[in-house]
Each structure stands twice: as C-alpha cells, then as structure tokens.
Chemist: 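The structure under discussion is supplied below as structure tokens; questions concerning it will follow.
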Amino acid sequence: MVKQKPAIPKGTRDFIPSEMANRNYIFDTIKKYFKLYGFNAIETPAMENLSTLMGKYGEEGDKLLFKILNSGDFLSKVRPEQLQELNSAKLTNKISEKGLRYDLTVPFARFVVQHRNDLTFPFKRYQIQPVWRADRPQKGRYREFYQCDADMIGSESLLNEVDLVQLTDDIFTDFNIAVSIKLNNRKILSGIAELVGELDKIIDITVAIDKLDKIGAEGVNKEMAAKGVSEKAIEQLQPIIHLQGTNHEKLEKLKELLKTSEVGLKGVEEMTTIFSLLKGLEIHNELELDLTLARGLNYYTGTIFEVKAKDVQIGSVTGGGRYDDLTGIFGMPDVSGVGISYGADRIYDVLKELDLFPKLKQDALQVLFVNFGSVEERYCLPLIAALRKKGVNSEIYPESAKMKKQMKYANSLKVPFVVMVGEEEMQNQKLSIKNMETGEQKEMKLEELINHFS
RNA sequence: GUGAUUGUAGCUCAGUAGGUUAGAGCAUCGGAUUGUGGUUCCGAGGGUCGGGGGUUCGAAUCCCCUCAUUCACCCCA
C-alpha cells in the first residue's frame, strides 16, 4: 500500500481543541451582542444554485466562486463539439449548477424572498456560518472562513446604520481591539463621478483613490489616467482627493462641491444624519468618513462600512453596507436592507497577534479516575456517574495502564484532580485525591469531592 | 491572473566550494521507578532529502521541468 500524506485543500484549516476554545470565545462574544441588539439566528445551506450567486459580486467575484460538479454522468448532456470548443465558461454552465456560497448576504436576500410569508418586517437576522472563495490564500486570507453577519431588511431608516456602528463599537471594545470604523456612501461616490462626468468610471476612480495612502496623490492621478479618466476630470477630483478635516468639516465641504449633483447631496445628507445621531452616543473607537472606501461588491447602494484593526497589519476585519434592491432580482423589489459582516478568522488572527485571548476557564475534564483493574473499574463507575450528575466533568482512564502513563495523561490534559481508588480505598470507603497543581494528596469521601466543585 | 519565497523525520529546523551508513531539538514509545505526573538520565522507532529528468565515478547539495508552500499585488472578511 502506498502511504498517503495527510493533507487538506489549500486555504483550509483544521482546529485543535485549544484553538476551538478561542474560536468559540469569538463566536460567543459576537453572538451575545447580536442578540442584545435584537437579531435572531437563521442558517442557510452551504451550497446555493449558481443562478442565485452569479452576477452579484462583480466580475472578480464570479471567478472566485467554487462550483460543484453535477452528480452522476455530468458529461451526458454535453455535445462533443461543445467539449472541443474548450470554452470553460460555457462548459461550466452545462456541467455545474450549484456552488458554495461566497458570502451570507446574497443567500440571505434569497432567503427573505423565499420565506417572505413567514417573516415579520422589518426583519433582523444574524447568521454565523462559513463561506468559500477560490482566492489565492495569504496572510489573513483563507478559502474557507466564517462570517458573522447581522442584517436588517425592510427599513430605510438610518437608525439601522447607527445601530450597526454601535454594535461594531461594542463588539470590538469587548474584544479589546482598537479599531478604526470607516464610513462612506455610494451615493456620494456616484455624485463625485457625476460631477466629473465619468459616471461609468466610478469603480476605477474609487479604487485609485483608495490607494492614496500607498502610492500618494501623484500615483493616484497616474492610475486614473491609465484607466482612461480624462485630464479635466482628474483636475476636478483634486479637492476631493485632498479633502481633510473632521468628519463634519468634510461633509460641509462635500455639500459645497457636490451642490449640482442630486444623488451626491442625498449621500451627504445621509452621512450628516448618521454622524449627528452618533454624536449623542458614547463611541469608544475612531469613527471616520473615508471617501477612499469603495468596496467592490456590486450590490451596495448607500452607506458602506469597513473596520480595520489599528495595531495589526491585516485586511479589514469587518465590512458591510446598505443595499437597496438586492431582493429585487428574486422577485421582491423595493426592499432596502443594511448589514455588516464580522470576519471571525481575521479577528482570531488579530487577537492572537496582540495576545488578547482571555485565559479561558477550563471547561474540559475536571476529574480523572486512575484505572487499577477490573474490580476497581466496577467500583468506580457509579462514583463517576454521581460526579457527572452534579455537573463535574469526569472520566476513568479506559485501560489499567501503568500508573505513570495514566498520570502523564492527566498532566497533559491539565486535569485538576486525579482520583485513586485501589484495594485499600475500597475497604475504607474513601478516595485518594491528588491535586495536580499543588501535588497534594488527601483522603476524602465522594461528598467532599463534590462539594469542592459546587 | 501577476511577481517573489520556501520545500530534509509527526512538528520546528541544521546540513550545499558535490564525497562513506543524512543530523539535532520537540513529540511518540520503552527503561531507570510493577500505586504517583510536570524535572533528570539511558535507549528505541520513525526519512522515496516534494516528484520527474539531466550533468557526474559520485547529487539533499549543480542544471531543467513539474507539483506544493508562504508572502505581496489585484480583490476582500
């Protein structure tokens, strides 16, 4: 037999118990706040019909979808000349009709339309599940990762945006991660594009402006020119690229700059409202209107969010925004929603790098019974059952192995107490109990041991 | 998709001006110690040197191809 090297697909990971404890800490914390803000849990399947997923994430996103081969003889419906053509895109349509979900928002939109009769609007849901992207993995980027989404749908109120900012602030404050919460508005971006007469280049412009920190103003201008943005437009964009000051000051200037654009002004108005509402609240993290924030996902139409950890070099840990008509394509038009997605895996990386995981209390094994043989086993089983009934995690070592081996096992599992019941203890109706931390050993009755844990 | 990086034991890595049977630490198993762990000492098992081809008397080491890895860009959580 050929030995096979154990391996898992690129960009995926296993989690050992100690890592799971930390991951659960993240999920539990996020879940706690989701509930606190009135969101209810739902789940959707790992796979969706490709027709549901395709075309929602932009050209790049479509490429990154994991597609599932049809079951059975998937080539039976393909004509030989179609195979000859060697056109992957065309052939894919014939042999694959399902794919792994790319995010939780689009499946959620599908879910809302499909279950509209069972839901009360405005509807608030949270969803913590893995998503898959056929990206090239690198630091903080995985092919399978968990998103923790909170969305509200069926309400245009900007109170929802304010709520999501507060939620985000609460969550990262709890994690003790200093973050910068960046806000922008697609309407403002549209207004800017309209202003300079390059409506179709809006994505190119924002992507270029997004690189301001990295390549400088001159680099940004060069990139825009390379993408075919006219010289005049670039000239007009300069005051926007160099926009500075407080959020309030920026909005005031934008109001002036965008006075000829209806959409633009609407966006400025929305952001002004949001910032003004937030002003009356206690927010612990940095809050910034960031015009360079673009977000590639196609479906955003209003406010967009992004959260970056201040002390760790990693992609954004959270992102989201408002989508005015994501449900329209599934047959339920004019329903606005807004949502946000926390990247559990990146939050994990940040917490780990900053060494911020709390010392978790031991919820694993608390008591191990040493196994001395078949007579002793029989004697111990009811004692263990009694301990378990009292909620004490206990077990007996499954074989009557050497004492040293059993103690070593207890030690590596960090079991706080080891119970020894041999001939002598059975006669005295007592248990020898060793405290593995101090090394102390005492004789006591079962009740005394139980009391120790209550 | 583009550009780099690295591939040697289960894990982390030494070892290259080409030269006998390829090493260490950790982990595992056994013993010192047949009812006492985390310290110590002794010992054992475990390797197609990522794969294929080439150069050479001789390749982990040099050359070519290939696969994988990690990182950056793009994009994103």
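Quick note on labels: first sequence line is chain A, next is B, and so on, each numbered from 1.
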Chemist: In whole angstrom, give me the gap between the P atoms of B/rG52 and B/rU16.
Modeler: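 The same atom, P, in both gives a distance of 24 Å.
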
Chemist: Is the ring of A/Tyr342 stacked on the base of B/rA77, with centres less than 5.5 Å apart and planes under 30° off?
Modeler: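 So no, this residue does not stack on that base, at least one cut-off failing.
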
Chemist: Can you establish whether the number of heavy atoms outside A/Glu423 located under 6.0 Å from its atom CD is more than 12?
Modeler: no

Chemist: What is the nucleic acid contact for A/Lys408, judged by heavy atoms within less than 4.0 Å: base, sugar-phosphate only, or nothing?
Modeler: sugar-phosphate

Chemist: Round to the nearest Å and state the distance from A/Asp345 atom CG to B/rA77 atom C1'.
Modeler: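 So the two atoms are 8 Å apart, to the nearest Å.
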
Chemist: Considering the options A/Arg110, A/Lys67, A/Lys56, which one meets the salt bridge (Lys or Arg N to Asp or Glu O under 4.0 Å) requirement together with A/Glu48?
Modeler: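 Only one of A/Arg110, A/Lys67, A/Lys56 forms a salt bridge (Lys or Arg N to Asp or Glu O under 4.0 Å) with A/Glu48, namely A/Arg110.
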
Chemist: Would you mind classifying the nucleic acid contact of A/Gly422 as base, sugar-phosphate or nothing, using non-hydrogen atoms under 4.0 angstrom?
Modeler: base

Chemist: Under a 3.5 Å limit for both distances, which nucleotide forms a Watson-Crick or G-U wobble pair with B/rG10, could you say?
Modeler: B/rC26

Chemist: Counting distance alone, no hydrogens or angles: does the base of B/rU36 have a donor or acceptor under 3.5 Å from a partner atom on the side chain of A/Gln406?
Modeler: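 No, the side chain and the base share no sub-3.5 Å donor-acceptor pair.
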
Chemist: Under 4.0 Å from OP1 or OP2 of B/rA77: is there any side-chain N or O of A/Lys308 that close?
Modeler: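 The answer is no; no side-chain N or O of A/Lys308 sits under 4.0 Å from OP1 or OP2.
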
Chemist: Looking only at the side chain of A/Asn411 (C-beta and beyond, no hydrogens), which of the listed nucleotides B/rG38, B/rC29, B/rU36 gets closest?
Modeler: B/rG38

Chemist: Which whole number of Å gives the distance between the P atom of B/rA17 and that of B/rA77?
Modeler: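 50 Å, rounded to whole Å.
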
Chemist: Can you identify which nucleotide, out of B/rU2, B/rA77, B/rG38, has its nearest atom closest to the A/Arg136 side chain?
Modeler: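 Among the listed nucleotides, the one closest to the side chain of A/Arg136 is B/rU2.
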
Chemist: Report yes if the distance between the aromatic ring centroids of A/Tyr342 and A/Phe175 is under 6.0 Å, otherwise no.
Modeler: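 Not under 6.0 Å, so no.
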
Chemist: Side chains of A/Asn221 and A/Gln238 only: does a donor on one sit below 3.5 Å from an acceptor on the other?
Modeler: yes

Chemist: Are A/Gln138 and B/rA72 close enough that a side-chain N or O sits under 4.0 Å from OP1 or OP2?
Modeler: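 Looking at the OP1 and OP2 atoms of B/rA72, one of them is under 4.0 Å from a side-chain N or O of A/Gln138.
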
Chemist: Would you measure the distance from the C1' atom in B/rG46 across to the matching atom in B/rG10 and give it in whole Å?
Modeler: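 9 Å, rounded to whole Å.
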
Chemist: Quick one: is B/rU70 close enough that its OP1 or OP2 comes under 4.0 Å of any side-chain N or O from A/Lys139?
Modeler: no

Chemist: Judged by each residue's nearest nucleotide on RNA chain B, which is more toward the 5′ side, A/Glu440 or A/Gly319?
Modeler: A/Glu440

Chemist: Report which part of the nucleic acid A/Glu306 touches: base, sugar-phosphate, or nothing (heavy-atom distance under 4.0 Å, all strands).
Modeler: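 If one applies the 4.0 Å heavy-atom cut-off, A/Glu306 turns out to touch nothing in the nucleic acid.
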
Chemist: Figure out the NZ/C1' separation between A/Lys10 and B/rC67, and round it to whole Å.
Modeler: 10 Å

Chemist: So for A/Arg346 and B/rC76, does any side-chain atom that can act as donor or acceptor lie under 3.5 Å from a complementary atom in the base?
Modeler: yes

Chemist: Between B/rA60 and B/rU28, how many Å separate the two C1' atoms, rounded to a whole number?
Modeler: 26 Å

Chemist: Which whole-number value in Å describes the distance from A/Phe372 CZ to B/rU34 P?
Modeler: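 Result: 14 Å.
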
Chemist: Counting side-chain heavy atoms from C-beta on, which of B/rG30, B/rG35, B/rC74 comes nearest to A/Arg141?
Modeler: B/rC74

Chemist: Going by atom types only, do A/Asp151 and A/Tyr323 share a side-chain donor-acceptor pair under 3.5 Å?
Modeler: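 The criterion, which ignores hydrogens and geometry beyond distance, is satisfied for A/Tyr323 and A/Asp151.
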
Chemist: Please confirm whether any donor atom in the side chain of A/Lys404 sits under 3.5 Å from an acceptor in the base of B/rU36, or the reverse.
Modeler: no

Chemist: Measure CG/A/Asp135 against P/B/rC74 and give the value in whole Å, please.
Modeler: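 One finds 13 Å between P of B/rC74 and CG of A/Asp135, rounded.
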
Chemist: Find which nucleotide of RNA chain B each of A/Gln441 and A/Gln147 is nearest to by heavy atoms, and output the residue with the more 5' nucleotide.
Modeler: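 First, find each residue's nearest nucleotide; the 5'-ward one identifies A/Gln441.
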
Chemist: Round to a whole Å and report the spacing from NZ of A/Lys63 to P of B/rC74.
Modeler: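 My rounded result for the distance is 15 Å.
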
Chemist: Taking any strand in view, what nucleotide pairs with B/rU55 in a Watson-Crick or G-U wobble way, both distances under 3.5 Å?
Modeler: none

Chemist: Can you tell me how far C1' in B/rU8 sits from the matching atom in B/rA24, rounded to whole Å?
Modeler: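 Rounded to whole Å, the distance is 13 Å.
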
Chemist: When the distance from OH of A/Tyr409 to P of B/rG38 is rounded to whole Å, what number comes out?
Modeler: 17 Å

Chemist: Once you apply a heavy-atom cut-off of 4.0 Å, does A/Glu376 come out as touching a base, just sugar-phosphate, or nothing?
Modeler: nothing

Chemist: Base, sugar-phosphate, or nothing: which does A/Glu437 touch, judged by heavy atoms less than 4.0 Å apart?
Modeler: base

Chemist: Whole angstrom is fine here: how far is it from CZ in A/Phe417 over to P in B/rG37?
Modeler: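 For the pair A/Phe417 CZ and B/rG37 P, the rounded distance is 19 Å.
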
Chemist: Is the gap between the ring centers of A/Tyr33 and A/Phe39 under 6.0 Å?
Modeler: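 No.
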
Chemist: Does a donor on one side chain sit under 3.5 Å from an acceptor on the other, for A/Thr29 and A/Asp174?
Modeler: no

Chemist: Whole angstrom is fine here: how far is it from CD in A/Gln313 over to C1' in B/rU70?
Modeler: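 Rounded to whole Å, this separation is 17 Å.
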
Chemist: Taking any heavy-atom pair under 4.0 Å as a contact, classify A/Gly61: base, sugar-phosphate, or nothing.
Modeler: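 Since no nucleic acid heavy atom lies under 4.0 Å of A/Gly61, the category is nothing.
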
